[in-house]
Amino acid sequence: MQIPPQSQRREFTCDVLIVGGGTAGTMAALTAAANGADVLLLEKAHVRHSGALAMGMDGVNNAVVPGKATPEDYVADITLANDGIVNQRTIYETATRGFGMVQRLEGYGVKFEKDEHNEYAVRKVHRSGSYVLPMPEGRDVKKVLYRTLRARHVRSRVTIENRIMPVRVLTVDGRAVGAVGFDTRSGEFVTISAGAVILAAGACGRLGLPASGYLYGTYENPTNAGDGYAMAYHAGAELSGIECFQINPLIKDYNGPACAYVANPFGGYTVNADGNRFVDCDYWSGQMMAEVKRELDSARGPIYLKLSHLPDATINQIEGILHTTERPTRGTFHEGRGHDYRTRDIEMHVSEIGLCSGHSASGVWVDEHAATTVPGLYAAGDMACVPHNYMIGAFVYGDIAGEHASGFAASAGRPALPEDQITAAHELIYRPLSHPDGPPQPQVEYKLRRFVNDYLQPPKTARYLTLGLEAFGRMSREIAGMGARTPHELMRCAEVTFIRDCAEMAARASLARTESRWGLYHQRADWPEQDDANWFRHLNLRKSGAGEAGGSGEMETLTRPIAPYIVPVPGFTRPDGVPDVPAPTGADLAAVWG
């Protein structure tokens, strides 16, 4: 294809622009439309089958159902799982709004498991509290959501543009005013003018290289390459907890979970090669992953998912969930290996590293209204820093972002889009066409992600992290030389730039936090102790002087204090001595709970 001139572009105007049509983006669109906004929803694939929900979901991990648990139980659990480094107000929104979201999804046609008394059949995996709610027909979740989006009363407010990939959020005077990108099928250049922008582009799942060596054999959806992390960063927004990596227990040679949230509530568990249980709690946390890694590295490895002791009826039930939703190739994989849960325990390993707030705590800094530090820019889902937020949290924050972004857009002006930023984005998108015989994207990406494994994989050290930064700096030049000939190849090349940005963020944040915390997620071999005196705080990063004349544009780190807790945490004393403050009560809480 030929490089289109910058002046030859497709232009859109909307009240609320949403980037990403997955879990959070879909809900943001529905809520923003219900609030009267004209919504443009962009998806680089197709909304009908995009995002982490593409093949459905086996259940929700954080349903706070009245009579089964309380919001306070849940907030305390998540606070402990994150060593106290949380903004409890953001978690409290998920805890109090989550049950209403379950009911809203039921209204759309999503089905949740009920017991013989027609009550929600929640199960226990967390340390204290039952929040896991299976979805017997979870494979249909995305279909149900897409059908809701295409309903006539929604369609009049929501325009869906599939196969359009934004690469930068546009800002004027420090405020988000739109985005710029291209059509991944035609290569057409695209600009969007918006009153507010919501980023819902998912995790950075394509960061570390899987042990299999396959670029797309990742635990997270591999199309989620850190697009939202990079766009938020270049727009000037702060990101937080980037040193708190996501690492999960997986089936050996297969990118599916083992799986704590399905098998464990039915009686499955993890054992070492001697047949002994060794994890303190099956809830996925950095502490649990440290225990897994320690066992794998010992003479007691390898480790296994044990289901062979369960009745056949129970195993049938587990297979009915695991082999039909989220990763329906799982049954085929086991069949090809001759595995049967009834007669053989399944070998497990650990995933590559990634960035994700849904399973750990790495994301764009947001408040309880889903607002970032850039006015008019909101974030939701796996890329927004609300620790361990999972699918229900993504829906909740999509809802919150849709509500507040539509309110912001209602009074926001529409300045002329900044042509200098559009020019820079045009160069980023189309430069691979200038040298089509340059190194192909798969080769460059493999090299980049091999460096991620070499230098960032825990346990971390300053020497390795510093070498990583040097490697990622060199990779900037190699990435600029990548060649492409088609719009699809342009998309993959742009994704490599996002991965490189996230790799640098991960290295700089990990280097700055001179302690070990969150178990394996941030284990420093050269700083092995947890240092509450100096590091009981958020570590954020941002682009220095973004949008300011004379700004260096370099990546810089900063710290933020932990806000006062609104929920007491039994057995945990804040190292900084900051007292708790009352949680929302009365009318404020009744609006979202009860």
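Predicted model, so just to flag it, every value in this text is computed and none were measured.
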Minimum side-chain heavy-atom gap T270-P249 below 4.5 Å: no
What class does the angle between the rings of F572 and F536 fall in, given that below 30° is parallel, 30 to 60° is tilted and above 60° is perpendicular? tilted
Do Y92 and E368 have side-chain heavy atoms sitting under 4.5 Å apart? no
Which of parallel (below 30°), tilted (30 to 60°) and perpendicular (above 60°) describes H369 and H404? tilted
Between Q88 and T79, do the side chains contain an N or O donor and an N or O acceptor separated by less than 3.5 Å? yes
Closest non-hydrogen atom pair between N221 and A52, with its separation: ND2-N, 3.8 Å
Could you check whether any side-chain heavy atom of R157 comes within less than 4.5 Å of a side-chain heavy atom of V39, counting everything from C-beta outward? no
K142 side, atom NZ; T23 side, atom OG1 - distance, nearest 0.5 Å: 7.0 Å
State whether the side chain of D73 and the backbone N or O of T70 hold a donor-acceptor pair below 3.5 Å, judged by distance alone. yes
Using a 3.5 Å distance criterion without hydrogens, assess whether the side chain of D367 forms a donor-acceptor pair with backbone atoms of A370. yes
Is there a side-chain contact (heavy atoms from CB on, under 4.5 Å) between Y378 and V366 once you walk through the steps? CA-CA 8 Å; Y378 299 80; V366 293; over 6 Å; no
Quick one: does any side-chain atom of R155 pair with a main-chain N or O of R150 as donor and acceptor, under 3.5 Å? yes
Verify side-chain contact (heavy atoms from CB on, under 4.5 Å) between F408 and R175, making sure each step is shown before the conclusion. CA-CA 11 Å; F408 184 96; R175 190 200 113 200; 4.0 Å; yes
Taking it one step at a time, do Y131 and V64 satisfy side-chain contact (heavy atoms from CB on, under 4.5 Å)? CA-CA 6 Å; Y131 313 111; V64 183; 4.2 Å; yes
If we ignore hydrogens and angles and just use 3.5 Å, is the side chain of Y229 paired with the main-chain N or O of L239 as donor and acceptor? no
E72 side chain vs P568 backbone, donor-acceptor pair below 3.5 Å: no
Where the side chain of Y233 meets the backbone of L541, is there a donor-acceptor pair that is under 3.5 Å apart? no
Are the side chain of E529 and the backbone N or O of D531 linked by a donor-acceptor pair below 3.5 Å? no
Going from NZ on K143 to CG on L53, what distance comes out if it is rounded to the nearest 0.5 angstrom? 13.0 Å
Under a 3.5 Å distance rule, please check whether S362 uses its side chain to pair with a backbone N or O of C244 as donor and acceptor. yes
Report the residue from K460, R513, E243 that forms a side-chain hydrogen bond (donor to acceptor under 3.5 Å, both in side chains) with H522. K460
For a side-chain hydrogen bond (donor to acceptor under 3.5 Å, both in side chains) with W535, tell me which candidate from D83, T559, T514 qualifies. T514
Just by distance, do the side chain of R330 and the backbone of E319 share a donor-acceptor pair under 3.5 Å? no
Exactly one of V386, I562, V569, I91 clears side chain to side chain contact (heavy atoms under 4.5 Å, CB included) with V86, and that residue is I91
Kindly give the heavy-atom pair with the smallest separation between A235 and V169, and that separation in Å. CB-CB, 4.0 Å
Is there side-chain contact between L105 and M27, with heavy atoms separated by less than 4.5 Å? yes
Taking R560 first and then E238, would you say they form a salt bridge - that is, a charged N and a carboxylate O separated by under 4.0 Å? yes
Mind checking whether V60 and F395 have side chains closer than 4.5 Å, heavy atoms only? no
Considering only distance and modelled atom types, tabulate donor-acceptor pairs under 3.5 Å from the side chains of residues 194-208, sequence neighbours left out.
from: R206; atom 1: NE; to: E445; atom 2: OE2; distance (Å): 2.8
from: R206; atom 1: NH1; to: P222; atom 2: O; distance (Å): 2.8
from: R206; atom 1: NH1; to: E495; atom 2: OE1; distance (Å): 3.0
from: R206; atom 1: NH2; to: E445; atom 2: OE1; distance (Å): 3.2
from: R206; atom 1: NH2; to: E495; atom 2: OE1; distance (Å): 2.8

Of all heavy-atom pairs between M101 and I392, which one has the smallest distance, and what is that distance? CG-CD1, 4.5 Å
For I318 and L310: C-alpha separation, side-chain torsions, deciding distance, then whether side-chain contact (heavy atoms from CB on, under 4.5 Å) applies. CA-CA 10 Å; I318 293 172; L310 297 175; 3.9 Å; yes
Spacing of SG belonging to C502 relative to CD1 belonging to I242, to within rounding of 0.5 Å: 7.5 Å
Report the distance from atom CZ of F266 to atom CG of L307, rounding to the nearest 0.5 Å. 11.0 Å
Quick check: do I160 and V158 have side-chain heavy atoms less than 4.5 Å from each other? yes
Looking at every non-hydrogen atom in both residues, tell me the closest pair between D38 and C14 and how far apart they are. O-CB, 3.7 Å
Mind checking whether D77 and H388 have side chains closer than 4.5 Å, heavy atoms only? no
Please report the interatomic distance CG(D382) to NE2(H359), rounded to the nearest 0.5 Å. 7.0 Å
Is a side-chain donor-acceptor pair under 3.5 Å present for T218 with N255? no
Rounded to the nearest 0.5 Å, how far does CG of D140 lie from CZ of R147? 8.0 Å
Do the side chain of T171 and the main chain of G174 share a donor and acceptor less than 3.5 angstrom apart? no
Nearest heavy-atom contact between A506 and L456 is CB-CD2, 3.5 Å
Could you tell me which non-hydrogen atom of A29 sits nearest to which non-hydrogen atom of L149, and how far apart they are? CB-CD2, 4.0 Å
Does any non-hydrogen side-chain atom of V110 lie less than 4.5 Å from one of M135? yes
Would you check, one step at a time, whether the test side-chain hydrogen bond (donor to acceptor under 3.5 Å, both in side chains) holds for S357 with N389? CA-CA 6 Å; S357 74; N389 218 24; 5.7 Å; no
Between D501 and H234, do the side chains contain a donor N or O and an acceptor N or O under 3.5 Å apart? yes
